[in-house]
Amino acid sequence: MIKIFKLNACAFPFLFRLVLAHLLFCLPLASNAESTAKPASRLVILNWSEYLSPEIVDAFENRYNTRIREVYFESDDDRDRLLLQTGGEGYDLILINGASFNSYVKRGYLSPLDQSKLKYNKHIESRWRDAFTFSRDYGYPYFWGTLGIAYRKDLVEQPITSWMQFFQPAKDLQGKILVVKSSRDVIGMALKALGYSANSENPDEIKAAGKLLMSQKEHVAKYGYISLAEESSLVSGDIVAATVFGGDALNVSEHSENIQYVIPKEGGNIWVDYFTLSSKSQNQQLAYDFINFINQPEIAAKNAEEMYLATPNSAAKKLLSKQILNDPVIYPDKTLLQKSEFYTELSSKTNRLRSGIYARLMQ
């Protein structure tokens, strides 16, 4: 997910903010008198852009006399391409979504995590640790959320409640739609619109989703990701509806009170992002130190507040402001979550069929 940081400090109780300030700034400097010395090491993370609090990065670097270098990808497909080019070399930690575990493990990109080196397992909710095959052995949950639709409620005649309103748009949406540029999301949500599973392997259902997408194409202004800045096309009204991640919808809605996020009645996608250990890591212990550092409850809570995202860390969740805990975009209605799906691994035959549909759509 593409993020813009917004420090929501007013949401923190005063004492909590005081503790965080001590943790982030006093302790690292006190425990590392030679922090001004040349860094002894470097941790390389393959990550979405702006998906870590800069303050937390600085605190970790000071605490461990190191430097973090982040290499950014722009989509899941882009991350796959980067890893394929290098065979997984050049990274210590790789941020992945749950649906990528099977292929990444099979390709040898990941090393299983040594659970004895992870200090905060007791705080991580089992639902997220066990959500995917291999996720408990190879991944440490970072954030979770949903994929739905953000739209301008002041520019549509009818509120959007269904995926079919997006894929068969009324006149007030035609030519003003942005569709997320991700094969899994595009085809998955078209399947949901038709009443099928986002993980369908039925060729007839997948072809029907492809037909729906091709009929929508003439009404799509762009395939990509919505900007979260004040100049965003969703803020200006050039785009009236877009498929977005919930956290991104909250960020862009800071610029317009008319932006509404909805998980359609058919449900959406539940995503979970994990930090995984590269099998080619040159700094494995530092990678474990980083995972432990960001999962200290106070630090995990600060990160969640800044990112506007749901934390899988139960101890951190107890420290969150009511503003975050009561936000239905971050913690959605249970009924809608029950209708939503994790992405699962698909067969090679199904992937080839979907890839062909997506390639034609992008032409």
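Just so you know, residue 1 is the first one in the sequence shown, and it goes up from there.
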Assess the residue pair Asn97 and Val272 against the criterion (side-chain contact (heavy atoms from CB on, under 4.5 Å)); give the C-alpha distance rounded to whole Å, side-chain angles, the decisive distance to 0.1 Å, and a yes or no.
CA-CA 6 Å; Asn97 59 6; Val272 191; over 6 Å; no
Over 12 non-hydrogen atoms of neighbours within 6.0 angstrom of CD in Glu157:
no
Centroid-centroid distance, Trp48 to Phe73, less than 6.0 Å
yes
Looking at Glu298 and Lys302, does any basic side-chain N land under 4.0 Å from a carboxylate oxygen?
no
Please check if atom NZ in Lys265 has more than 12 non-hydrogen atoms from other residues, nucleotides or ligands closer than 6.0 Å.
no
Any side-chain donor paired with an acceptor under 3.5 Å for Tyr331 and Asn326?
no
Go through the steps for Leu147 and Met189 under the test side-chain contact (heavy atoms from CB on, under 4.5 Å), then give the verdict.
CA-CA 9 Å; Leu147 177 76; Met189 295 308 101; 3.9 Å; yes
Check whether the side chains of Ser236 and Glu231 place a donor and an acceptor atom closer than 3.5 Å, and report yes or no.
no
More than 12 heavy atoms of other groups within 6.0 Å of Glu230 CD
no
If you look at every heavy atom in Pro264 and Ile149, which pair is closest and at what distance?
CG-CD1, 3.8 Å
Which side-chain N or O atoms in residues 205-218 pair as donor and acceptor under 3.5 Å with protein atoms at least two apart or in another chain?
from	atom 1	to	atom 2	distance (Å)
Glu205	OE1	Ser200	OG	2.5
Ser215	OG	Leu212	O	2.7
Gln216	NE2	Phe166	O	3.1
Lys217	NZ	Leu361	O	2.9
Lys217	NZ	Gln363	O	2.6

Might you point out which heavy atoms bring Ser100 and Arg79 nearest each other, and give the distance in Å?
OG-NH2, 3.1 Å
Check each of Tyr274, Phe134, Tyr138 against Phe101 using the ring pair (Phe, Tyr, Trp, His ring centres under 6.0 Å) test, and report the only one that passes.
Tyr274
Any side-chain to backbone donor/acceptor pair from Thr66 onto Ser41? Under 3.5 Å, distance only.
yes
So, the side chain of Glu305 versus the backbone of Ser321: is there a donor-acceptor pair under 3.5 Å, distance only?
yes
Under a plain distance cut-off of 3.5 Å, with no hydrogens placed, do Arg184 and Asn351 share a side-chain donor-acceptor pair?
no
Heavy-atom donor-acceptor pair, Tyr261 side chain to Gly148 backbone, under 3.5 Å
yes
Would a distance-only check, ignoring hydrogens and angles, find a side-chain to backbone donor-acceptor pair under 3.5 Å from Ser278 to Tyr91?
yes
Pair Val262-Gln165, side-chain contact (heavy atoms from CB on, under 4.5 Å): steps then yes or no:
CA-CA 12 Å; Val262 61; Gln165 290 173 267; over 6 Å; no
Is it true that Gln323 and Asp327 share a donor-acceptor pair across their side chains at a distance under 3.5 Å?
no
To check you understand the geometry: which heavy-atom pair defines the closest contact between Asn202 and Asp204, and what is its length?
OD1-N, 2.8 Å
Heavy-atom donor-acceptor pair, Lys119 side chain to Asn292 backbone, under 3.5 Å
no
Does Lys181 come within less than 4.0 Å of Glu74, counting only side-chain N to carboxylate O?
no
Mark yes or no for whether Ser135, through its side chain, and Arg129, through its backbone, hold a donor-acceptor pair below 3.5 Å.
yes
Ignoring hydrogens and geometry, is there a side-chain-to-backbone donor-acceptor pair from Gln282 to Lys280 under 3.5 Å?
yes
Could you pull out the closest heavy-atom pair between His255 and Val235, with the gap in Å?
CB-CG2, 3.7 Å
When you measure from the side chain of Asn313 to the backbone of Ile124, do you find a donor-acceptor pair of N or O atoms at a distance under 3.5 Å?
no
With sequence neighbours left out, the residues meeting side chain to side chain donor-acceptor pair (under 3.5 Å) with Ser126 are none
Residues which pass side-chain contact (heavy atoms from CB on, under 4.5 Å) with Pro332, listed by chain and number, not counting sequence neighbours
Trp144, Thr146, Ile263, Leu337
Counting distance only, does the side-chain N/O of Ser49 pair as donor-acceptor with the main-chain N or O of Tyr72 below 3.5 Å?
no
Considering all heavy atoms of both residues, which atom of Ala193 and which atom of Met164 are nearest to each other, and what is their separation?
O-CE, 3.4 Å
What pair of heavy atoms forms the shortest contact from Leu93 to Phe275, and how long is it?
CB-CD2, 4.3 Å
Evaluation steps, side-chain contact (heavy atoms from CB on, under 4.5 Å), between Leu113 and Tyr288:
CA-CA 9 Å; Leu113 294 173; Tyr288 282 108; 4.1 Å; yes
Checking the side chain of Asp92 only, and the main-chain atoms of Asn283 only, is there a donor and an acceptor separated by less than 3.5 Å?
yes
Taking atom types as modelled, is there a side-chain donor on Asp248 or Tyr308 under 3.5 Å from an acceptor on the other?
no
Between Asp185 and Tyr343, is there a side-chain donor-acceptor contact under 3.5 Å, judged purely by atom types and distance?
yes
